[in-house]
Structures are given as C-alpha cells and as structure tokens.
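Below is one structure, written out as structure tokens, with a few remarks after it.
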Amino acid sequence: MREHEYLQSLHFNCIRLPDGAGVVNMSLPIVLAIGDREKEEIGASPDVALQGPDGAVLAILRRVEIYPHNKEERIARTWGTTAPGLPYVDEAIAQAGNWLIGGDLEVIEPIKYNDGLDHYRLSPQQLRNEFDKRGADAVFAFQLRNPVHNGHALLMNDTRRRLLEMGFKNPILLLHPLGGFTKADDVPLPVRMEQHSKVLEDGVLDPETTIVSIFPSPMHYAGPTEVQWHAKARINAGANFYIVGRDPAGMGHPTEKRDLYNPDHGKKVLSMAPGLEKLNILPFKVAAYDTVAKQMAFFDPSRSKDFLFISGTKMRAFAKSGENPPDGFMCPGGWKVLVDYYNSLQTEEAAVATV
C-alpha cells in the first residue's frame, strides 16, 4: 500500500475507489516494512524487485513510495491496545523496519512454498472458477485456524441445510483454513490440513460439496478489525455467505484475565461494516457435546447441565495427554492425526532433554 491507502485502511477500515466508485472494505493494511539500510540502497530508484527466500525475483514494485512506519499508531489502531504480548506484534511488527514501501505491484511468479501443500493454495480467481465448475448457486465460507471437530461440521452441514431450505439448489462450502502465522500453541498448518483431509475421508463433510483451500493470511488476533478482513477476502474468493461465531479473531488479553474484545462485537461490526453489504452474515449457533445423545449438538439452554463445552485448549490437552475425547467429538481419523502430532512433539522434547 501507498501511504494514502495505508492511512485509509488504518483509520477508516476501508479504501475509497478512484473516480468516486464507492469504497472497498480493507481493515488490515497490506504493507512491506524496510529498514534504514534498505531505504538508503533504494535511494531514488523508481522500481524495486521483490525476491523470494531463494533469491528469485517474484515481483516488481513500480513507482515506489517510502513513508514512515509509525508502529505505535499501527498497533493501537489495529488492536485497540499497545499492551505487551500481542502475538503478531511480537512476531512481525515490533522488530520490523522503520519505513514502509508501497507502489504498483507487478507479479512475475506466483509464490510457491514447496511444502507439499501448494495444491491447496488456490487464488481467488481459481476458487471462483472451481465454484463455477461445480455449478454452485451459493458459496458459504468458514474461517478456522483449528482442527475441525464434529461441532464445526454440524454447523457447516446445518448451514447447507438452511441454504437449501432458502431455495438454493447447490450450495458449496469453502473450508478456508488460515495458512499464515499463528500462535505457538496453535496446531501447525500441515497437521491441520492432514486432519481436514481425514474429516472429508470419513464423510463428516461431503467432498462433493466442499472445497478446501488455504487462506494464506497471517493471524493477527485483532478481533472485530480482523474479522472484516477475513470476510472481505472470502468475498474476493466468490463467497456470498459467511459463518461468524463468538469472538471471531479474538484472544485473551495479553496481561489481564479477560477477553481482549467483547465476544459479540465481531458479528455486530460485520453487519455494519462499509464495503461488506453484499455479504450475508450467518450467525454461529453454539455447539457443544451432548452427554445424553453422546454427540455434538446445538446447545439447548433448557438442559444446560447435559452439555459439555470442549475448548480448543482442552482439545489440545486431551491430545497431548493421550486421553480420548468423548465419542462423537471428532472423527477417529482426524483425532489420530492430532494424537500422532503431539506424540511426535513429546518424543522430540524427550530427545532434546537427554542431549
């Protein structure tokens, strides 16, 4: 982004289109930070090559503009706090350069990670083509950064049922797991993708009506600000329905024992955000483990004592300890992937401890 785009994104969560053609939602700035040395090396050059890790030129940034990177302002506007311990801030902003460089991006080669997962990294246009190929008359998207348990599947399958009742003939699910930076205690992307494939293999989700693709964005954990970005990106990919739940993109406060954001503000902001008017927001129904039916079900307040809430933290604790969750919480194939992953971690930790 150039400076005028960056400031609009940071302060208005949207960018004005040229010639008065309206606004597009853009709640997170897309920027590239550089240091003093890089700024000096660029000097008055109008164009800059962008290289991959192996030195290959992937793109050219033309008619560049370099402007100050006020990190405190960026952090405060994005997260609503400058408290220490914000994961993405620590990872990507605190140590970044003091300048931002923007310009007109000319892509030469699409980015390849060569990690065995590139076939999942479909561009927005590729996703739209796939939806057309499958004859979708509605596309509903689900954002996640965790393994899929049967409560998630219940929600997604119920959403498809609701869309069919609304008159759509072929709703397609975009299962769009986040593939960029996540917190250290989140399950890594390769493990999550293997787990998702088992969910499809076991028939928990229908492969004929589901497209799995990696959403390459990093996770900011920026609550109502970030959830707009998650929704806007899915519009670009062809989705017209978006499932949103409690505290989307939220996290615990880094220094206090409370949620950083009001858990209901994410879905409220989505219903009002400029540039997202064409997206139909589908509020999350709360799913929990029904100890009577012995399966994941929508929570019934009239018999709340029958329901067990299994958080992501608790799920990871089960997998780490080798303790099985209640039958019906997750498909066996998907659960085995998680158990194997945590077993491998413990084996590695034990090997390091003996050195």
Side-chain angles (χ1 to χ4, degrees), residues 1-18 23-113 178-184 215-230 232-233 236 249 251 254 260 275:
M1 287 183 172
R2 298 179 182 277
E3 187 177 40
H4 76 281
E5 297 166 326
Y6 171 70
L7 290 174
Q8 290 180 74
S9 174
L10 203 62
H11 291 272
F12 309 130
N13 285 180
C14 57
I15 294 178
R16 194 183 305 276
L17 294 170
V23 298
V24 294
N25 191 275
M26 183 58 72
S27 62
L28 293 180
I30 300 175
V31 292
L32 177 61
I34 60 173
D36 295 343
R37 189 186 70 181
E38 289 89 353
K39 180 179 182 291
E40 186 176 342
E41 288 175 348
I42 293 168
S45 299
D47 304 328
V48 172
L50 303 182
Q51 297 177 314
D54 62 356
V57 175
L58 300 177
I60 299 174
L61 202 58
R62 298 198 180 277
R63 293 171 288 282
V64 300
E65 176 184 346
I66 299 175
Y67 52 99
H69 185 192
N70 185 335
K71 299 176 193 177
E72 184 177 17
E73 178 188 32
R74 180 182 173 190
I75 295 163
R77 296 291 306 188
T78 303
W79 282 270
T81 180
T82 55
L86 297 168
Y88 187 74
V89 170
D90 291 346
E91 171 73 17
I93 298 180
Q95 305 304 318
N98 294 322
W99 305 92
L100 298 175
I101 182 169
D104 302 328
L105 189 65
E106 178 185 322
V107 177
I108 298 172
E109 292 289 342
I111 293 173
K112 296 292 184 185
Y113 291 74
L178 186 135
F181 164 81
T182 56
K183 295 195 275 74
F215 175 42
S217 175
M219 189 72 198
H220 290 62
Y221 306 92
T225 298
E226 182 170 17
V227 74
Q228 295 176 67
W229 161 242
H230 289 171
K232 186 287 179 77
N236 286 0
M251 60 171 282
L260 182 55

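In this chain, numbering begins with 1 at the start of the sequence shown. What you are looking at is a predicted structure, and each value in this text was computed from that prediction instead of being measured.
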Pairwise side-chain contact, [X] with [Y], heavy-atom cut-off 4.5 Å (strictly under):
X      : Y      : result
Met219 : Lys183 : no
Val89  : His220 : no
Ile108 : Leu58  : no
Leu260 : Leu86  : yes
Arg74  : Tyr6   : yes
Pro87  : Met251 : yes
Arg16  : His4   : no

State, to 0.1 Å, how close [X] and [Y] come at their nearest heavy-atom pair, and which atoms those are.
X      : Y      : value
Thr78  : Thr225 : O-OG1, 3.5 Å
Pro254 : Pro84  : CB-O, 3.2 Å
Leu105 : Ala59  : CD1-CB, 3.9 Å
Leu178 : Phe181 : CD2-O, 3.8 Å
Leu10  : Asn13  : O-ND2, 4.2 Å

Got more than 12 heavy atoms from elsewhere within 6.0 Å of CG, Leu17? yes
Can any side-chain N or O of [X] pair as donor or acceptor with the backbone N or O of [Y] at less than 3.5 Å?
X      : Y      : answer
Glu226 : Tyr221 : yes
Asp47  : Arg63  : yes
Glu40  : Arg37  : no

Atom pair [atom1] ([X]) and [atom2] ([Y]), whose distance is rounded to the nearest 0.5 Å:
X      : Y     : atom1 : atom2 : value
His69  : Ile93 : NE2   : CD1   : 5.5 Å
Ser45  : Leu61 : OG    : CG    : 12.0 Å
Glu65  : Arg2  : CD    : CZ    : 6.0 Å
Ile101 : Leu50 : CD1   : CG    : 7.5 Å
Leu28  : Arg77 : CG    : CZ    : 13.0 Å

Only one of Glu5, Met1, Gln8, Gln228 forms a side-chain contact (heavy atoms from CB on, under 4.5 Å) with Met26, so which one is it? Met1
Ring geometry between Phe215 and Trp229 (parallel below 30°, tilted from 30 to 60°, perpendicular above 60°): tilted
Can Asn98 and Lys71 be said to form a side chain to side chain contact (heavy atoms under 4.5 Å, CB included), step by step? CA-CA 8 Å; Asn98 294 322; Lys71 299 176 193 177; 3.7 Å; yes
